[in-house]
Amino acid sequence: MTDRSSAARVSGEDFLQGHVVRELEAAVGRERVSVEDADLQAQAADWSWSSKYIQYTGLRLPSAEVMVKPATSAQVEQIVRIASEYRMPVVPRGGGSGTQGGTLAVYGGIALDLTDLDDIVEIDEQSLTVTVGAGIDGPTLETELNAHGLTLAHYPGSYHLGATIGGFIAARGSGVVSTKYGKAEDQVLQVKAVVPPGATVETLRVPSHAAGPDLLQSFVGSEGTLGVITEATLRVDPLPEARGFLSFSFPDIFTGMEAGRRIMTNRLRPAVIRLYDEADSVKLKDWVGTPFTGTLMVVMCDGAQELVDYETRAITDLVEAAGGTSHGPDVGRIWWEGKYEPYAKGKLPQPPLMYGTFDQVARFSDLPAIYRAKKKIVEEEFAEYGARYTAHLSHWYDWGAMLYDRFYVDEPPADPVEAMRLHDRLWDAGILEGIAHGAGLNDHHGVGIKLGRFMHKQYGEGFRLLKAQKDAWDPDGIMNPGKLGFGPPRR
């Protein structure tokens, strides 16, 4: 007789996981479900320093127990329904090009790969809109739009790293021509999103209305914590007839800030203004080949030739009056042609180098103090580690601009625990110094898990209201838990 007490047993947890996997296979097809470790690790990875450093050290990323790759919005509904029934976390993923740890599955669950939701549903040339699946990547969509004489005009640094339309919207992404064409939240007109316990919500066909609070903008920037964006309609623009380039140098970054302020407050609309401090212009020369170091501004205007001619003349007059020196069009043209070079293979920073990009946004009146304070705290408080600070301003608004500033530590501690501790200390110092001087937490990279601890500091009592919305829409806390500072799922 077999001794049942000594026989191998399947734990309740393993049995339940197998049961869920079989349900998912029934819902979407066995070929769209994987429990292979390589697939789970790939789904957990993104471009954050923490993710890259964990991989560099040979450690394992916190990953889901199962990966699912749906082909339709209806299948996403089924996946979220199953996850809701078993209170399993759902971690949506587009191209994995984020930098804030948004795809790390710190509570396990289901990794939801959305890249097969890649249909172009409609190009409406009369309204200048396009409707697409959330998993389509930028270059694929842009190629099709260009064939119709149109452009989405959203060219982020992650453009060739697999970034998807859903990712653009979920993290409030921005491209290099955002100063004229806007960020993702300005370009998106409508979304479809799946919310617990497995229902699809469709926002209004238009983003401008007087029908109460804006449901659309609740999903924008939610990073998968409120639901899964499966389809989006976005504004598109005609391809520009002409482009004009300018470049200027300044005695210091603050003179350049004032020049940029005058451009924007005079309501001119260049597509690009990039203002580099001395340290960042050296990096730009190395990566892109611009023949200049010092405080550098490059400008690009586009549209009808008559408009380009007017704007380039007006901007030149304003910048020179503010103290800038013109260097003609060539530097700007070189920058435009090489704008993706900093993201090319082998040029992006990689561990063991330690780095982080704050990209905080502020009003014009606050920017000089923010730059001074952050440069000081990074280079002085962390001098023993040789910390370096570089910055440029690359997204400009009617009222302010985004400071794309970064820290580097060439030789961080060899011990992984100490390295992670130093990494977090640098982030604490830079972000809190920025907030103290009037900066917003982040401009266009999102929050993820990396910046979640700053959300209450950023919003104060308002964070309680955001948390209440999260609790109402996702009562079990299964949607991308641990991100945006919302905490763990409810078990």
Side-chain angles (χ1 to χ4, degrees), residues 46-48 92-103 114 132 134-138 141 152-159 161-191 193 203 207-208 213-235 357-363 393-404 431 434-435 439-452 454-455 458-459 462-463 466 469-470 479-480 483-486:
D46 71 356
W47 279 86
S48 65
R93 188 182 195 273
S97 61
T99 62
Q100 313 293 51
T103 56
L114 297 167
V132 295
I136 193 170
D137 65 81
L141 176 57
L152 179 61
H154 190 92
Y155 315 127
S158 57
Y159 195 63
L161 300 178
T164 62
I165 296 300
F168 294 165
I169 296 167
R172 296 187 179 273
S174 188
V176 297
V177 293
S178 67
T179 297
K180 178 175 182 176
Y181 294 96
K183 295 173 57 189
E185 67 255 38
D186 305 306
Q187 295 175 313
V188 64
L189 307 179
Q190 182 183 29
V191 299
T203 67
S208 299
D214 190 356
L215 189 60
L216 169 64
Q217 289 297 329
S218 287
F219 287 111
V220 175
S222 64
E223 300 184 38
T225 62
L226 298 179
V228 182
I229 296 171
T230 59
E231 186 178 287
T233 299
L234 304 104
R235 185 199 80 225
T357 305
F358 298 122
D359 73 292
Q360 293 185 278
V361 60
R363 296 180 187 177
L393 293 88
S394 52
H395 305 281
W396 297 73
Y397 305 95
D398 294 341
W399 40 263
M402 185 276 294
L403 184 64
Y404 191 105
I431 291 292
I435 291 175
L441 175 58
N442 194 264
D443 178 78
H444 64 270
H445 284 156
V447 173
I449 193 167
K450 183 168 72 180
L451 304 185
F454 303 113
M455 286 288 280
Q458 172 76 97
Y459 284 103
F463 187 68
L466 294 177
Q469 181 184 22
K470 162 73 170 173
M479 300 307 302
N480 211 5
K483 316 302 164 48
L484 289 177
F486 287 142

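What you see is a predicted model; the values in this text were computed from it and never measured.
Under the 3.5 Å distance criterion, with hydrogens and angles disregarded, no donor-acceptor pair is assigned to the side chains of T357 and D359.
Looking only at side-chain heavy atoms (C-beta outward), L152 and I165 come within less than 4.5 Å of each other. Residues Q217 and R172 form a side-chain contact, since some pair of their non-hydrogen atoms from C-beta on lies under 4.5 Å apart. Looking at heavy atoms from C-beta onward, N442 lies in side-chain contact with Q100 at the 4.5 angstrom threshold. Using a 4.5 Å heavy-atom threshold, the side chains of L226 and K470 count as touching. Two residues are said to be in side-chain contact when any heavy atoms from C-beta on lie closer than 4.5 Å; M455 and L484 meet this criterion. Looking only at side-chain heavy atoms (C-beta outward), Q360 and I435 come within less than 4.5 Å of each other. Using a 4.5 Å cut-off on side-chain heavy atoms (C-beta onward), V361 and H444 make no contact.
Ring orientation note: the planes of Y397 and W399 are close to parallel, at an angle under 30° on the 30°/60° scale.
Tested against P92 for a side-chain contact (heavy atoms from CB on, under 4.5 Å), the candidates T103, I229, L114 yield a single pass: L114.
The neighbour count for R363 CZ, taken as heavy atoms of other residues, nucleotides or ligands under 6.0 Å away, does not exceed 12.
Every ring pair (Phe, Tyr, Trp, His ring centres under 6.0 Å) that Y404 has, sequence neighbours left out, goes to H392, H445.
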Please tabulate, one pair per line, all N/O donor-acceptor pairs under 3.5 Å involving side-chain atoms of residues 174-181, not counting sequence neighbours.
| from | atom 1 | to | atom 2 | distance (Å) |
| --- | --- | --- | --- | --- |
| S174 | OG | S178 | OG | 3.1 |
| S174 | OG | H395 | ND1 | 3.0 |
| S178 | OG | G175 | O | 3.3 |
| S178 | OG | H395 | ND1 | 2.6 |
| T179 | OG1 | W396 | N | 3.2 |
| K180 | NZ | D302 | O | 2.8 |
| K180 | NZ | D302 | OD1 | 2.8 |
| Y181 | OH | D302 | OD1 | 3.1 |
| Y181 | OH | D302 | OD2 | 2.9 |

For this session: Begin from the C-alpha positions of R93 and D46 and carry the test side-chain contact (heavy atoms from CB on, under 4.5 Å) through to its verdict.
Result: CA-CA 9 Å; R93 188 182 195 273; D46 71 356; 5.6 Å; no

